[in-house]
Amino acid sequence: MANQIRMKWIYVLLIVVLIFSNVAPVTVVAAGETGAADELIISEYVEGSSQNKAIEIYNGTGADVNLASYQLKLYSNGKTEPSNTENLEGTLSHGDVLVLAHGQANDTIKQVADSTSAVVNFNGNDAIALEKNGEIIDLFGAIGDESDFAKDKTLVRNTNVTTPTLTYDASQWTDYGKDIFTYLGSHTMDGNDENNPGEPTDPDPNPEPEPDTHTIGEARQLADGSEVVMEGIVTANSEALSNGNQFSTYIQDETAGINLFKYEQGDLPEVQKGDRVKVTGTMDSYNGLKEIVPASIEILERGQALPEVQQITLEDLQNKEVAESYEGELVRVNGYINSIPSSPAGGGYNVTFIDQDYNSALLRMMENAVDISQVEEKQWYDITGIVSQYNDHQLLPTEQADLQVAEEQPDPPSAAGEYETAVEKITDGDTIRIVDPVFGSNRVRFVNMDTPETYAAKNKAPERQAINENQKYHGDEATAHIGTYIQPGDKITVKVGEQPTDNYGRLLAEVITADGKNVNLEMVRDGYAVSYFIAPIDEEAYPKYQQAVKEAKDQGLGIWGADNPLMELPFAFRANDDQKGFLRFVGNSDTKEYVIPDDWADVPVEKRVFFSSPEEAESYGYQPAGEGNPVEELACAIFKHE
């Protein structure tokens, strides 16, 4: 009411001015009159994998808004006081959005972000408040509540929400799942059509034409976000490649192949090999893989012949340009499987596939497609699969029959060796990315050592707050310290053993600088890492690292310092943070005895060797420790930790 009275006085004043100044009449429109909203609202929230996080603010008021009066505040982990504040600035036009992103978000997010902000450091249990002149006007989440209500989600404000709220209402938001960035950078609000705000409209007499039909080869050249219609033959059963509620498959025509992926299957039909389908959707990319986010899939025919399988080599897959030309297509490759990972990662097994010349690629064997127990180690295989990509190109078998033991079985290749490359990026104290992939991987996990973790803790129990902060502090210190040895662009040598990669497809290696320094060993010697040996161990390296960790501990260096020691070693932190407990049996290299996982601290750090089971420990000549650790106790430990 006060606003209406004020506006009436303004109109009276203007009339008086016009009468006495004899100027042309002026039309006055109140701010918000052409918009559906009275205030700015939080319109989208993204909390995805890694640091893929963003927050979006929408202006639907009908007028440009000066942001100088607005603040965005983050309330972390149930706190009632803000942990970070962003004072907004600039002008936000009507119908436009302001996107703030995490500083380490991927390029897809950063391309639509207006800026990065420390406020965008939420983890699914944090509240975010949009304030004006210090007063909250819109609230995402509940201040003081640390429940995980928005973890791994993209949440978009419903179009019928036209006013901000001081109480978070989940029904106002649509959940699109994890790592969906399609809607970031724009927002739609009901009744906010500039031509006829708030009123239903007649059908458009000049509707937008249907997207052009493209071949797959043509579509692959289009920019992300382009709408497309295409036909192709399905080359993988969707249920074999999909995790949970996701939808994933591949189609191919005479020109190319491409991935179809949607985070939630919804109304999309299950498709099978040999289906000829018509797909309507939007072009997108994910970690280098070109894909279509399908809006609809129409099955035109079933039982069609699959495209011809093309014979290529692992050397082809290591060449980015050549591999890209085959992406999404069926190929057959010959290579050697040295070892099978003991556990899956993200719904599938990452298996290193190498040839006689040490060219390599990652075999991504999805659990729904391949029974890994039927795959034998130490064998040469002819494998049929689809060329896929997750930063680097990989081969994706789609059923058990795709893996055939080769008729010829020459001597096995050896992974052990030294390979020259360069540092692309430092991830943390024991992980880097390299410029030229080795054994199909550009991620390197340093072996024989372990540094404190830098990721946001999952176990946020109050009693673990100090431990979590302590772990993160020392993890950041290790990340900074490794930078004293190597920097992006530096030439390095990666020294690989017989097991080239881990369950996550990361290269396992020692990293040697151009002047001959072993970075792994130096990090232990300086007290920023602990030695860490999982059987089978490098017998030559073992005594060097164990001597280095003992000296660093005795001198109180780094994580062993008396003033602020590391409260939990990295492997212990991971076990407690995941709340899975301790899983590995621990041997004492001096006594040749081993203890159950929970008794790991009984073995001095400089004598520890980790085993997956009592059987593995005993295969290396270790025996159960002491008379108080009978076979029955070991059996109980095995049952507990399986």
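Keep in mind that the numbers below use all heavy atoms, side chains included, and drop hydrogens, waters and symmetry copies.
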Quick test of your reading of the model: are Arg433 and Glu424 salt-bridged, counting only N-O distances below 4.0 Å? no

Charged N to carboxylate O below 4.0 Å: is that the case for Lys132 and Glu39? yes

Sequence neighbours left out, what pairs pass salt bridge (Lys or Arg N to Asp or Glu O under 4.0 Å) with at least one residue falling in residues 103-115? none

Do Ile57 and Leu72 pass the side chain to side chain contact (heavy atoms under 4.5 Å, CB included) test, and can you show the C-alpha distance, the side-chain angles, and the key distance before you say yes or no? CA-CA 10 Å; Ile57 298 169; Leu72 200 64; 4.1 Å; yes

Phe573 and Asn468, any side-chain heavy atoms less than 4.5 Å apart: yes

Are the side chains of His214 and Gln221 in touch, meaning some heavy atoms are under 4.5 Å apart? no

Between Asp253 (side chain only) and Thr215 (backbone N and O only), is there a donor and an acceptor less than 3.5 Å apart? no

Glu469: partners by side-chain contact (heavy atoms from CB on, under 4.5 Å), with sequence neighbours left out: Gln465

Parallel, tilted or perpendicular: ring planes of Tyr45 versus Phe140, cut at 30 and 60 degrees: parallel

Show which side-chain atoms of residues 176-188 pair as donor or acceptor with protein atoms under 3.5 Å away, not counting sequence neighbours.
from	atom 1	to	atom 2	distance (Å)
Asp179	OD1	Ser49	N	2.9
Asp179	OD1	Ser49	OG	3.3
Asp179	OD2	Ser49	OG	2.8

Greater than 12 external heavy atoms within 6.0 Å of Lys458's NZ: yes

Going by salt bridge (Lys or Arg N to Asp or Glu O under 4.0 Å), name the residues that satisfy it together with Arg506, two or more places apart in sequence or in a different chain. Asp502

side-chain hydrogen bond (donor to acceptor under 3.5 Å, both in side chains), that's the test. Do Asn237 and Thr249 meet it? Break it down for me. CA-CA 7 Å; Asn237 296 350; Thr249 188; over 6 Å; no

Take atom CD of Glu463 as the centre, draw a 6.0 Å sphere, and report whether it contains more than 12 heavy atoms from other residues, nucleotides or ligands. yes

Yes or no on side-chain hydrogen bond (donor to acceptor under 3.5 Å, both in side chains) for Glu227 and Thr282, after CA distance, side-chain angles and deciding distance? CA-CA 5 Å; Glu227 295 185 4; Thr282 305; 5.3 Å; no

Set of salt bridge (Lys or Arg N to Asp or Glu O under 4.0 Å) partners for Glu86, sequence neighbours left out: none

Kindly indicate whether the side chain of Asp428, heavy atoms from C-beta on, has any atom under 4.5 Å from the side chain of Tyr455. no

Before you tell me yes or no, could you show the steps for Arg276 and Glu298 under salt bridge (charged side-chain N to carboxylate O under 4.0 Å, His left out), namely the whole-Å CA-CA distance, both residues' side-chain angles and the distance that decides it to 0.1 Å? CA-CA 9 Å; Arg276 185 170 70 86; Glu298 180 183 356; over 6 Å; no

Modelled atom types, side-chain donor and acceptor of Tyr250 and Ser388, under 3.5 Å: yes

Rounded to the nearest 0.5 Å, what's the gap from CG on Asp152 to CG on Asn52? Could you check? 11.0 Å

Are Ile292 and Met230 close enough, and set up right, to give a side chain to side chain contact (heavy atoms under 4.5 Å, CB included), and what steps lead you there? CA-CA 10 Å; Ile292 298 172; Met230 67 182 62; 3.2 Å; yes

All heavy atoms of Thr451 vs all of Ala478, minimum pair found to be CB-CB, 4.0 Å

Pairing residues for Phe247 by the ring-ring contact (aromatic ring centres under 6.0 Å, His included) criterion, not counting sequence neighbours: none

Taking only distance into account, with no hydrogens and no angle test, what donor-acceptor pairs under 3.5 Å do side-chain atoms of residues 120-131 form with protein atoms, sequence neighbours excluded?
from	atom 1	to	atom 2	distance (Å)
Asn123	OD1	Lys53	NZ	3.4
Asn125	ND2	Asn77	OD1	3.3
Asp126	OD1	Asn77	N	2.8
Asp126	OD2	Asn123	N	2.8
Glu131	OE1	Lys73	NZ	3.1

So, Asp190 and Thr159: side-chain donor and acceptor under 3.5 Å apart, yes or no? yes

Determine, step by step, whether Leu166 and Ile136 satisfy the side chain to side chain contact (heavy atoms under 4.5 Å, CB included) criterion, reporting the C-alpha distance in whole Å, the side-chain angles of both residues, the deciding distance to 0.1 Å, and the verdict. CA-CA 7 Å; Leu166 299 182; Ile136 296 176; 3.7 Å; yes

Got a sec, which residues hit salt bridge (Lys or Arg N to Asp or Glu O under 4.0 Å) with Glu218, two or more places apart in sequence or on another chain? none

Donor-acceptor pair, distance only, cut-off 3.5 Å: does the side chain of His102 make one with the backbone of Gln104? yes

Counting distance only, does the side-chain N/O of Ser242 pair as donor-acceptor with the main-chain N or O of Ser248 below 3.5 Å? yes

Tell me, with the steps shown, if Arg464 and Glu568 meet salt bridge (charged side-chain N to carboxylate O under 4.0 Å, His left out). CA-CA 11 Å; Arg464 288 195 59 80; Glu568 286 185 348; 3.0 Å; yes

Using side-chain hydrogen bond (donor to acceptor under 3.5 Å, both in side chains), reason through Thr235 and Gln252 one step at a time and then give a plain yes or no. CA-CA 7 Å; Thr235 54; Gln252 188 173 334; 5.1 Å; no

Tyr70 and Ile137, any side-chain heavy atoms less than 4.5 Å apart: yes

Under the rule for salt bridge (Lys or Arg N to Asp or Glu O under 4.0 Å), what residues qualify as partners of Arg157, not counting sequence neighbours? Asp138

Do any N or O atoms from the side chain of Asn158 and from the backbone of Ser171 form a donor-acceptor pair under 3.5 angstrom? yes

Closest non-hydrogen atom pair between Asp275 and Gln272, with its separation: OD2-N, 2.8 Å

Would you mind reporting whether Ile251 and Val277 have side-chain heavy atoms less than 4.5 Å apart? yes

Restricting to side-chain contact (heavy atoms from CB on, under 4.5 Å), what partner residues turn up for Asn84, sequence neighbours left out? Leu74, Ala118, Val119

Among all residues two or more places apart in sequence or in another chain, which pass the side-chain contact (heavy atoms from CB on, under 4.5 Å) test with Asn368? none

Would you call Lys290 and Glu327 a salt bridge, using N to O less than 4.0 angstrom? no

Under the side chain to side chain contact (heavy atoms under 4.5 Å, CB included) criterion, do Gln265 and Gln246 qualify, and how do the steps go? CA-CA 5 Å; Gln265 180 170 348; Gln246 296 177 356; over 6 Å; no

Listed partners of Asn66 passing side-chain contact (heavy atoms from CB on, under 4.5 Å), at least two apart: Ala68

Quick one: are Thr454 and Asp476 in side-chain contact, heavy atoms under 4.5 Å? yes

When you compare the side chain of Arg364 with that of Leu395, does any pair of heavy atoms fall below 4.5 Å? no

Under 4.5 Å between any side-chain heavy atoms of Ile386 and Glu329, yes or no? no

Could you tell me whether the side chain of Thr255 and the main chain of Gly217 form a donor-acceptor pair under 3.5 Å? yes

In terms of heavy-atom contacts, does CG of Asp578 have more than 12 from other residues, nucleotides or ligands at under 6.0 Å? yes

N/O donor-acceptor pair under 3.5 Å between Asn59 side chain and Leu40 backbone: no

